[in-house]
Structure formats: C-alpha cells, structure tokens
Amino acid sequence: MNWDRPILTDCGGFQVFSLSDLRTITEEGVEFKSHLDGSKHFFSPEKVMEIEEALGADIIMSFDECCPYPSTYEYTKNSMERTTRWAVRCKEAHKNTEEQALFGIIQGGFYEDLRKKSVEDLIKLDFPGYAIGGISVGEPKEEFIKILNFTAPLMPKNKPRYLMGVGTPDYLIEAAIAGIDMCDCVLPTRIARNGTAMTWNGKVVVRNATYERDWGPLDKECDCYTCKNYSRAYIRHLIKVNEILGVRLLSIHNLRFLTKLMERVRIEIERDNLLNFKKDFYKKYGYTKE
RNA sequence: GGGUGAGUGGCAGAGUGGUCAAUUGCACCUGACUGUAAAUCAGGCGUCCUUGUGGCUACGGUGGUUCGAAUCCAUCCUCACCCA
C-alpha cells in the first residue's frame, strides 16, 4: 500500500452480518462460504487475530457478532454475550500488543441494559480502545441516536471511543455530540463510485444530466485537489464514459469533505458551539430521512 | 446490367398472421447506497391525457389480402454481398 500513516483493520464480523446467507455461526466461530468459488473458510477469534497480526495494522478489531435489526431480546442477549466471550479469546490470542492496539466491540442491539452489560464486561478486559458495533444496521435514526447517546457516555473517556460504520455527515455530527472520537465508513467512497458528491450544500449527484454544462467545482467551499482543478461537467463526463479517473476524483473530494467536516467539528467543540453548528449544518446540508 | 440477401423504437438485434407499443443488450433519465460481495443495485424509457382491462401514432414508402398484418402479396425506394 505504501501508506505511512495509521491503519485500522476490521475483523469480518460485519461481513458475517451482511452476507448472512453464506455463513454458519457457532460458539467456536463462523464458517463462511466464498461467493467466488464456494470454498469454505472458518473464522474463529484466534484465526482473526492471526490474520490481523499478519496484516500489521496499528488498530485491530476483536471478532464480534453483529446483530440484525430488529432482533429479539433473547437473540440479542446471546449474541452480545458471545461477542464478549470472543473478545476474551481475542485478547488471549493477540500477541503483538506492543505495536498493535486491539479494540473491543460493544454489542447489545437496541436494548439499553444489554449495551450497559456489554460495556461493563469489556471494560474489565482493559482494551486500549472501545467501539460501538451493531448500530447503523437499518434502524430508524431516532433509535440510532437513542442507543448512541446511551452507550457512548458509558465508555472510558481516557481511551478512544469508536463508532463503527458511520456514515453520513449528520450521523458523524451526532456521534461527535455523543462523545465519539473516531468513525469509519464506506459511504464517501461508495457514493463517489456511484456518482455522488457530498458538499456543504448537500448531496450532489454529479452523474445527473443537470450538471452536463456546470463548469463550477463540486463544492465552492472545498480546498481539495478535485475542486481546485476540475468542473462538475468534466467529472460528470468522466463518470458517464466510465473513465476511472471520475470516481477517483469524487472519492478524493468526498474524503476531503469529511476530514474538513471533522476539522470543523473539533473547532466547534473548542468553542463549545457544536450544537449550534449542527443546527446550521442541518439547514444547509439536509439530513438523513427516516 | 444480372443475381442473392436485407430494411423493426437513439444504436445493436429478437419477433415472421391475433396473447405486440413490440424480448433482450447498450445508450439515456431518475432513485438508492452508513464496520465495502458495490466502477453496484433498483425503477423508468413512442406520444397524449380526465393515468385507464384509456386514446392516438408506429416495424423503409405506397397499395392490397384478411374479421385481424411488424409478420402474407404487389410495387417502389434504400443498403449489403456476388457475377459481368
């Protein structure tokens, strides 16, 4: 990769969730069927640690089970408890503790007592960082915010608090308000590949015909390479003719948009003005509908 | 000049008497996308409106056969290939 900055690797727990028809979960681990050749692969907490150590990332994630939405209390409870048992096994299996930080993943679905139990049990294991998993899995935004604001304050404040799988700009702001320090998401690059840019005035589907002769940048306020050098019309053209540079330029922009957004969020935290910033941002950008 | 084959919606290409406003692919338009199975997926795509088991116009042109024609016949036009 030739990337000289921090790297984080995920454990595959989310794939077990999102590719649910190709796997079998047991206490020992997960058997996965490859969609490429039908071959079977077995992932256990120990195997996942082995892989993540071999990849050599700076932050690695423990193997968890991501609960679908909605799930019954009973199912969620069992799933959460198994995730904690797997976290114990990950911790025991992880050897390269000097160079890699192993984070624990909180589960418990949308049940507050289960979330609380999950955090408490993981804290006992003394991970260098903690993540909230199992939200942003298709639930209404209200549910998301409710469980986020319940869980985040329970997490140790002297360690990174990571929200997995988020997301849209409005969700990122909500996360920051809740006290979250880090997030990750496929969204900026995925929507880029599908022809959409995030801008300070909302989403711009630059693939659409309306931008055919729009000679302005994706976002007037943006300082990224793409916005400084290319017009919406040209980017649209690249997308339409399936020229890979188009999605590359959009990806560069969307990633810069999000890092810029988080720069702003940090400034607003310093100013103790994050809630006002959110209000203004929602007005200009719009926000996720239920 | 002679012979053979072919002309279908933006393009390619099915269909060869009724179930055809016409399969499919591309192109085009719109939407979705939240710990990446994603340069993916879904819907729309003649035209008009009072949006309906609706009207109109359409398979090179014209004329015909038939209850009914993209489909059969005649003729004209155009294109491709072969022979002179």
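Source: prediction; values computed, not measured. Every chain is numbered from 1, with letters handed out A, B, ... down the list of sequences.
- The stretch residues 15-30 of chain A comes close to RNA chain B through Q15(A), S18(A), L19(A), L22(A), each having a heavy atom under 4.0 Å from the strand.
- Within a 6.0 Å radius of CD in E27(A), more than 12 heavy atoms belonging to other residues, nucleotides or ligands are found.
- Atom CD of E263(A) has more than 12 neighbouring heavy atoms from other residues, nucleotides or ligands inside a 6.0 Å radius.
- By the 6.0 Å contact criterion, NZ on K279(A) is open, its count of non-hydrogen atoms from other residues, nucleotides or ligands being 12 or less.
- Nearer to the 5' terminus of RNA chain B, by closest-nucleotide assignment, is the contact made by L187(A) (compared with the other of V247(A) and L187(A)).
- No donor-acceptor distance shorter than 3.5 angstrom exists from the side chain of N208(A) to the backbone of T210(A), with no hydrogens or angles considered.
- For the pair R190(A) and U34(B), the criterion of a side-chain N or O lying under 4.0 Å from OP1 or OP2 is met.
- Separating the P atom of G13(B) from that of A6(B) is a span of 14 Å, rounded to the nearest Å.
- As a whole-Å value, the separation of Y171(A) OH from G35(B) P is 12 Å.
- Remark: R207(A) is not in phosphate contact with C33(B), judged by side-chain N or O atoms under 4.0 Å from OP1 or OP2.
- The interatomic distance linking R193(A) (CZ) with A37(B) (P) rounds to 11 Å, in whole Å.
- Using a 4.0 Å heavy-atom distance criterion, I239(A) is classed as making no nucleic acid contact.
- Think of W3(A) as one node in a network of Ile, Leu, Val, Met, Phe, Trp and Tyr side chains linked at under 4.5 Å; its network also takes in M1(A), I7(A).
- Rounded to whole Å, the separation between the P atoms of A70(B) and U62(B) comes to 13 Å.
- In this structure, I191(A) atom CD1 and A39(B) atom P are separated by 14 Å, rounded to whole Å.
- One atom, CD1 of I51(A), and another, P of G35(B), lie 20 Å apart when rounded to the nearest Å.
- With a 6.0 Å radius and a threshold of 12 heavy atoms from other residues, nucleotides or ligands, D272(A) has its CG atom at or below the threshold.
- Ranking U34(B), C29(B), A37(B) by closeness to the R236(A) side chain, first place goes to C29(B).
- Using C1' as the reference atom, A22(B) and A69(B) are 13 Å apart when rounded to the nearest Å.
- Counting non-hydrogen atoms under 4.0 angstrom, C183(A) reaches nothing in the nucleic acid.
- The distance from atom CD1 of I60(A) to atom C1' of G35(B) is 15 Å, rounded to the nearest whole Å.
- If you take atom P in G64(B) and the same atom in U53(B), they sit 36 Å apart, rounded to whole Å.
- Rounded to whole Å, atom C1' of G35(B) lies 12 Å from atom CZ of F144(A).
- Ring centers of F103(A) and Y130(A): at least 6.0 Å apart, outside the cut-off.
- Judged by the 6.0 Å distance and 45° axis criteria, K40(A) is not positioned over the aromatic ring of F32(A).
- Rounded to whole Å, the separation between the C1' atoms of G52(B) and G17(B) comes to 28 Å.
- Across all strands shown, E212(A) has no heavy atoms under 4.0 Å from either base or sugar-phosphate atoms.
- Between F43(A) atom CZ and A37(B) atom P the separation is 12 Å, expressed in whole Å.
- Nucleotides G31(B) and U65(B), compared at atom C1', are 50 Å apart to the nearest Å.
- Looking at heavy-atom distances under 4.0 Å, N208(A) makes contact with sugar-phosphate atoms alone, never a base.
- Within 4.0 Å (heavy atoms only), K203(A) reaches sugar-phosphate atoms of the nucleic acid but no base atom.
- Stem list for RNA chain B (at least 3 consecutive Watson-Crick or G-U pairs, distances under 3.5 Å): B:1-7 with B:77-83, B:10-12 with B:24-26, B:28-32 with B:40-44, B:46-48 with B:54-56, B:60-64 with B:72-76.
- Phosphate contact (OP1/OP2 of C29(B), side-chain N/O of K240(A), threshold under 4.0 Å): present.
- Residue-level contact check: N194(A) touches the bases, meaning some heavy atom is under 4.0 Å from a base atom.
- Judged by the 6.0 Å and 45° rule, K284(A) forms no cation-pi pair with F281(A).
- Comparing U40(B) with U78(B), their C1' atoms are spaced 44 Å from each other, to the whole Å.
- Rounded to whole Å, the C1' atom of A27(B) lies 11 Å from the corresponding atom of C45(B).
- Following rounding to the nearest Å, M198(A) (CE) and C33(B) (C1') show an atom-to-atom distance of 10 Å.
- Residue order along RNA chain B, read from the 5' end via each residue's closest nucleotide, puts M61(A) first among M61(A) and I244(A).
- For K47(A), the NZ atom sits in a loose shell: 12 or fewer heavy atoms of surrounding residues, nucleotides or ligands are nearer than 6.0 Å.
- Residue-level contact check: G134(A) touches the bases, meaning some heavy atom is under 4.0 Å from a base atom.
- Between the side chain of E53(A) and the backbone N or O of N96(A) there is at least one donor-acceptor pair closer than 3.5 Å.
- In terms of modelled atom types and a separation under 3.5 Å, the side chain of R23(A) and the main chain of V16(A) share a donor-acceptor contact.
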